[in-house]
Amino acid sequence: KAGVTQTPRYLIKTRGQQVTLSCSPISGHRSVSWYQQTPGQGLQFLFEYFSETQRNKGNFPGRFSGRQFSNSRSEMNVSTLELGDSALYLCASSTMTVSSGNTIYFGEGSWLTVV
Amino acid sequence: TQLLEQSPQFLSIQEGENLTVYCNSSSVFSSLQWYRQEPGEGPVLLVTVVTGGEVKKLKRLTFQFGDARKDSSLHITAAQPGDTGLYLCAGFGNEKLTFGTGTRLTIIP
């Protein structure tokens, strides 16, 4: 079956702009979680959505937001981009919530560069 | 805040050698996972350990969860070039997954 699909794969934005990243989970998966990966901070949890509701949120400023649609597809948005937002943004999906311990499957990520 | 420190951060060894990667925390986790990430791809789950003291083997890889469920180790026997990648531990706690700092492993043919 198809894996987790993230779009776009690569993008370049200017400071102050906003960006929206999309994630299509594996069919039948209802949980989508987002992570930011940078060389300095590693892989950090952003937020998790399950059945269109935000279940949990990491320690990121309010500029980072997300949502999930009824078909489980999810988007994350970063407003007023800063240079430090340059990172690989990873989406992961699972049948149940992350806290249930079910296996999560990652997409290939969206590479964001802020200039 | 739960933190997971991995050591070493970088490791480069010859094919055929053995190695151990460590994942340590001051926090207790209900379970711990190990992932491998290759360039241009997302992390892929290797194993989940749940019980303190648990040992799991996956071919040449041996994973151990500490008795107190605060630490874990990954041992690779007779490393091969295909083992090259970024290894990440991740602990379940507070309803979320916290990832370790990562160990970048390079196996030299």
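Note that the structure is a prediction, hence the values are computed from the model and not measured. A note on names: the letters A, B, ... follow the listed sequences, proteins ahead of strands, and every chain is numbered from 1.
When hydrophobic clusters are built by joining Ile, Leu, Val, Met, Phe, Trp and Tyr residues whose side-chain heavy atoms come closer than 4.5 Å, directly or via intermediates, Trp111(A) is not grouped with Tyr89(A). Following chains of ILVMFWY side-chain contacts shorter than 4.5 Å, one can reach Val21(B) starting from Leu61(B), so the two form part of one hydrophobic cluster. With hydrophobic clusters built from ILVMFWY side chains whose heavy atoms lie under 4.5 angstrom apart, Phe60(A) does not share a cluster with Phe99(B). Leu19(B) and Leu58(B) fall within a single hydrophobic cluster, where Ile, Leu, Val, Met, Phe, Trp and Tyr side chains are chained together by heavy-atom contacts under 4.5 Å. In the hydrophobic clustering of this structure, Ile107(B) groups with Trp34(B); members are Ile, Leu, Val, Met, Phe, Trp, Tyr whose side-chain heavy atoms approach within less than 4.5 Å, directly or through other members.
Residues Lys96(B) and Lys57(A) come closest through the heavy atom pair NZ-O, 4.4 Å. Here the closest non-hydrogen pair linking Gly42(B) and Leu90(A) is CA-CD2, 4.0 Å. Taking both residues in full, the closest heavy atoms of Ile104(A) and Tyr35(B) are given as CG1-OH, 3.4 Å, listed atom of the first, atom of the second, then distance.
Taken to the nearest 0.5 Å, the CD atom of Glu108(A) stands 11.5 Å off from the CD atom of Glu38(B).
Considering only heavy-atom pairs separated by less than 4.5 Å from chain A, the leading option among Ser31(B), Gly40(B), Pro43(B) is Pro43(B). Between chain B and the residues Gln37(A), Gln41(A), Arg9(A), Gln6(A), the largest count of heavy-atom pairs under 4.5 Å involves Gln37(A).
Only the side chain of Leu45(B) has a heavy atom closer than 4.5 Å to any heavy atom of chain A. For Gln44(A), no part lies under 4.5 angstrom from a heavy atom of chain B. Residue contact with chain B, scored on non-hydrogen atoms closer than 4.5 Å, involves the side chain of Tyr35(A) exclusively. At a 4.5 Å heavy-atom cutoff, the contact between Leu43(A) and chain B is made by backbone and side-chain atoms alike.
Contacts from residues 74-82 of chain A to chain B, taken as heavy-atom pairs separated by less than 4.5 Å, involve no residues at all. Applying a 4.5 Å heavy-atom cutoff, the residues of residues 68-89 of chain B that approach chain A are Leu86(B), Leu88(B).
Leu88(A) places a side-chain heavy atom less than 4.5 Å from the side chain of Gln37(B). Side-chain atoms of Val44(B) and Tyr105(A), non-hydrogen and from C-beta on, never get closer than 4.5 Å to each other.
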